[in-house]
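Reckoned from all heavy atoms, side chains included, excluding hydrogens, waters and symmetry mates. In this chain, numbering begins with 1 at the start of the sequence shown. Only a predicted model underlies this, so the values are computations on that prediction, with no experimental measurement involved. Every number for a ligand or one of its atoms is a count from 1 in the order of the listing.
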Amino acid sequence: MITKIEKLSPNSALVVNKIENLVGNSMEFLSFREKLTLSNISHLEKHKEWMAARVVMNQALQCFEIPYPGFYKDEYGKSHPMEHIGHVSISHTRGLVAAIYHQNLPVGIDVERIQPKISKLASKFLSKDEIDHIGDDPKKLTMAWSSKEAAYKIFGKKGISLKDNIRIIQEDLNQPIWNLKLESAGITSYIYPIQIEIHEDVVLSYSNW
Ligand SMILES: CC(C)(COP(=O)(O)OP(=O)(O)OC[C@H]1O[C@@H](n2cnc3c(N)ncnc32)[C@H](O)[C@@H]1OP(=O)(O)O)[C@@H](O)C(=O)NCCC(=O)NCCS
């Protein structure tokens, strides 16, 4: 299964790891407030996920020799570094965690496992045109779902529906980067290039600036 620490550009880094590899890691680097948050997560799996996400975020920052600043969540649930030293995004799925960091631009990341049941959910996150374009292959549908989640996280605000406001405008779905357009009344439209990787039964999607 996928594990990596990768500098994507002079300004950005990506880390993916198995949660089991990170359990037992020292959490001394966390801020005082984060240690409190962690001690209040009683659900064992959630505790491990939260902890592992901060470890991979720290590893991404270490690619730029940036000391861990501590993170806070805004009103929409998106994490930001305390010292305003860039942008981060994290994602977890069963057994896996991923983080992306960029010094200047907002980022989004998502990891999902490919599951056949996604076919039944397609109409919840895809428009009719998108369903016609993508078809019913669970791998392609998971790529669509995951890339939309990554785009959603880049924008980061509520009031955006995956189905109605984030559109896959990519014609050739065999390309490793898909363009997604976010548009909604009253906001500037954005086109987000999302890199999509497949690793066994896992889809990894992230902003590629
Ligand atoms: C917020 C959301 C993107 C999280 O995605 P997920 O697949 O459930 O979970 P992931 O593990 O990938 O991501 C969780 C992380 O997302 C981050 N996150 C939460 N809200 C966020 C937001 N508004 N913007 C950016 N990142 C956010 C958090 O860091 C969170 O991790 P943490 O709680 O450990 O800090 C998702 O729940 C969501 O709201 N999706 C879009 C809404 C939608 O249209 N859903 C209906 C489609 S059927």
The criterion is side-chain contact (heavy atoms from CB on, under 4.5 Å); which residues satisfy it with I177, sequence neighbours excluded? P193, Q195, N208

So does G95 get a backbone contact from the side chain of K18, meaning a donor-acceptor N/O pair under 3.5 Å? no

Among all the protein's non-hydrogen atoms, which is closest to atom 44 (O) of ligand 1, and how far away is it? L162 CG, 3.3 Å

Between R167 and E130, does any NZ, NE, NH1 or NH2 come within less than 4.0 Å of an OD or OE carboxylate oxygen? no

Using distance alone, determine whether K157 and ligand 1 share an N or O pair under 3.5 Å. no

For ligand 1, which atoms, with element, lie under 4.0 Å from some heavy atom of D110? 7 (O), 12 (O)

For ligand 1, which part of K163 has a heavy atom less than 4.0 Å away: the side chain, the backbone, both, or neither? neither

So, S207 side chain and G108 main chain: donor-acceptor pair closer than 3.5 Å or not? yes

Under 4.0 Å and counting heavy atoms only, is there anything from the protein next to atom 37 (O) of ligand 1? no

Considering K124, E149, K153 one by one, which has a heavy atom nearer to atom 10 (P) of ligand 1 than any of the others? K153

Does one side chain, of D110 or S146, offer a donor that lies under 3.5 Å from an acceptor on the other? yes

Tell me which one of E112, K46, K73, K148 gets a heavy atom nearest to atom 30 (C) of ligand 1. K73

Should R54 be listed as contacting ligand 1, given a heavy-atom distance under 4.0 Å as the test? yes

Atom 46 (C) of ligand 1 touched by protein heavy atom at under 4.0 Å: no

Using heavy-atom distances, let me know which of H92, E49, K158 sits nearest atom 34 (O) of ligand 1. H92

Which residue owns the protein heavy atom closest to atom 24 (N) of ligand 1, what's the atom, and how far is it? G156 CA, 3.3 Å

Between E197 and K4 (salt bridge meaning N to carboxylate O under 4.0 Å), is one present in this structure? yes

Side chain, backbone, both or neither: which part of A53 comes within less than 4.0 Å of ligand 1 when only heavy atoms are counted? neither

Show me, pair by pair, the donor-acceptor contacts under 3.5 angstrom made by side chains of residues 155-162, not counting sequence neighbours?
{"unit_1": "K158", "atom_1": "NZ", "unit_2": "Y76", "atom_2": "O", "d": "3.3"}
{"unit_1": "S161", "atom_1": "OG", "unit_2": "K163", "atom_2": "N", "d": "3.2"}
{"unit_1": "S161", "atom_1": "OG", "unit_2": "D164", "atom_2": "N", "d": "2.9"}

Can you tell which of Y76, F71, W145 gets a heavy atom nearest to atom 22 (C) of ligand 1? Y76

In the protein, what heavy atom is nearest to atom 1 (C) of ligand 1, and what distance, to one decimal place, separates them? Y152 CE2, 4.1 Å

Looking at ligand 1, does any of its N/O atoms fall within less than 3.5 Å of an N/O of I160? no

Honestly, for I90 the part within reach of ligand 1 (heavy atoms, under 4.0 Å) is both

Hey, are T37 and E34 close enough side-chain-wise for a donor-acceptor pair under 3.5 Å? no

For the residue pair M51 and V23, what are the closest heavy atoms and their distance? CE-CA, 3.7 Å

Compute the centroid of each ring, for Y72 and then for H80, and state whether the two points are separated by less than 6.0 Å. yes

Can you report which non-hydrogen protein atom sits closest to atom 17 (C) of ligand 1, along with the distance? G77 O, 3.9 Å

Around K124, counting heavy atoms of other residues, nucleotides and ligands shown, do more than 12 lie under 6.0 Å from its NZ? no

